[in-house]
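Single-structure report; data block below.
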Amino acid sequence: MAFDLVFLGGTGDLAWRKLMPAVFQAFRHGALPPDGRVLASSREKLDRAGYCQWLRERFDSLSWDEPFSDEEFARFAELLDFRPLDISKPEAHAELAAWVGERNADTVVIYLAVAPALFSGICTGLGRVGLNDKRVRVVLEKPLGYDLASATAINEAVRAVLSEQQIFRIDHYLGKQSVQNLMALRFGNTLFEPLWRREWIQNVQITIAEDLGVEQRGGYYDRNAGALRDMVQNHMLQLLCMVAMEPPASEDADAVRDEKLKVLRSLKPLAVADVPNQVIRGQYRAGRIAGADVPGYREEEGVAPGSATETFVALRAEIENWRWAGVPFFLRTGKRLAQRTADIVVNFRAVPHPIFASPSGYQNRLVIRLQPEDSIELDLLAKTSNRSKSEQGRLSPVKLNLDFKEAFGSQTIEAYERLLRKVLGGRLDLFVRFDEQQAAWRYVEPILESWANDPDTLRTYNAGTWGPPASSALLARDGAAWPEER
Ligand code: BG6
């Protein structure tokens, strides 16, 4: 299969940090179809050789699990080409079409790693120059819009020239190994399914914590994002869907996406008036992380001095269906938190009648860890084997630990590599359908509305902590606690 993989925004951060390394890894592992070109473009005035050198320098600044040789990079560079294009201009679309038209590839993937404000114009332009035939697949990087109205407008422009089969909306969390394993755990095994419901599960906690701040994206983040738009509307709600969805009839993209959509549509809507009780928002102040002083959010470059943009969100969600009625789903994400970690914790109910002198209120829990390493842990109680009298008869928590590196070797595939392979294979199962995005926007809109009306609900937290104390209080109301507080 001859393919062209086109990256618009080819010199952006995402391109050199994530996308090009992903293509390179797929190339190194023989996972790319044999006859391909990788075409990158941006407004930078570079030629092919200049781009290859530019990329090589950036690759050298990244840390690689498997270091690469000059020869390997040189072979990869043979696939690369670069042309400067200002893709916001109509003439650039014709130039792009001529470039792609230099040969008749079977598959043309056009990856829009550019600002979402350009999506509509680019797609309309692609339609005008005929780059929307059946060979073409377009990948849209998040965020797709700023709210429900802007997301709908972008989607309409995109759908006017492309069919749903040609649109690959990225949520890179769906490409993570542990998310794949969560699907495998739930639907490839019989063990958990009977327990995976309100009768046995007390609550579910999903955390994506970052120790980094807003880095070089302060201006963009402050004006257009915030943690709710950046993480909750997409990554966190997608993870919630993976935990809560019913078993799909097959692995087919629409079978999976239909089930996710049902979860999003079953989320108990938040009334604007309830938001202050159910949703905590915070912003980091200066603090210490890994022994170093770090500035507060308002001191970051590009951030307005009196900014009210949230860098932390914790919320309590409920799913109104027979499986999950009454089970709280706690979601939490933030920047400059105590450590980088992402996990899904499923807390099972305590035994109905404890007969052992065991830690009181003990609950089994299943932890699906996405970061920093992929693993699945099951916490159980077991008899201690300590000889001392006082310890005899006691139970202690132990972990059944599935470490994927140990089980399958160190060759894990990064999310973007997995997703790009899927695009080349034409498989949509790890991509988000627009109706899912719409439902997710509907869910978060009352939160945006409440915050716009009530700026006083913004709390602060010191960098290097787990967020504002109100986040713990949110769980305490249900008798629950975040994993690090247990
Ligand atoms: C992106 C957000 O989607 O995900 C970033 O825009 C965030 O703000 C990133 O840092 C986190 O991704 P990961 O894979 O590093 O957890």
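Along the sequence shown, the residues carry numbers beginning at 1.
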Q: For this output row, return yes or no: ring centroids of F68 and F76 closer than 6.0 angstrom.
A: no

Counting N and O atoms only, with roles assigned by atom type, does the side chain of [X] sit under 3.5 Å from a partner on the main chain of [Y], one being a donor and the other an acceptor?
| X | Y | result |
| --- | --- | --- |
| R28 | E66 | yes |
| R75 | F27 | no |
| N181 | A184 | no |
| T311 | K335 | no |
| R340 | L212 | no |
| E436 | K260 | no |
| W196 | R186 | no |
| W482 | S471 | yes |
| W451 | T309 | no |

Would you mind reporting whether [Y] and [X] have side-chain heavy atoms less than 4.5 Å apart?
| X | Y | answer |
| --- | --- | --- |
| L14 | H172 | no |
| L475 | Q205 | yes |
| K399 | D379 | yes |
| F59 | M20 | yes |

Which atom pairs, one a donor and one an acceptor, fall under 3.5 Å between side chains of residues 223-231 and the rest of the protein, sequence neighbours left out?
unit_1: R229; atom_1: NE; unit_2: Y146; atom_2: O; d: 2.6
unit_1: D230; atom_1: OD1; unit_2: K142; atom_2: NZ; d: 3.3

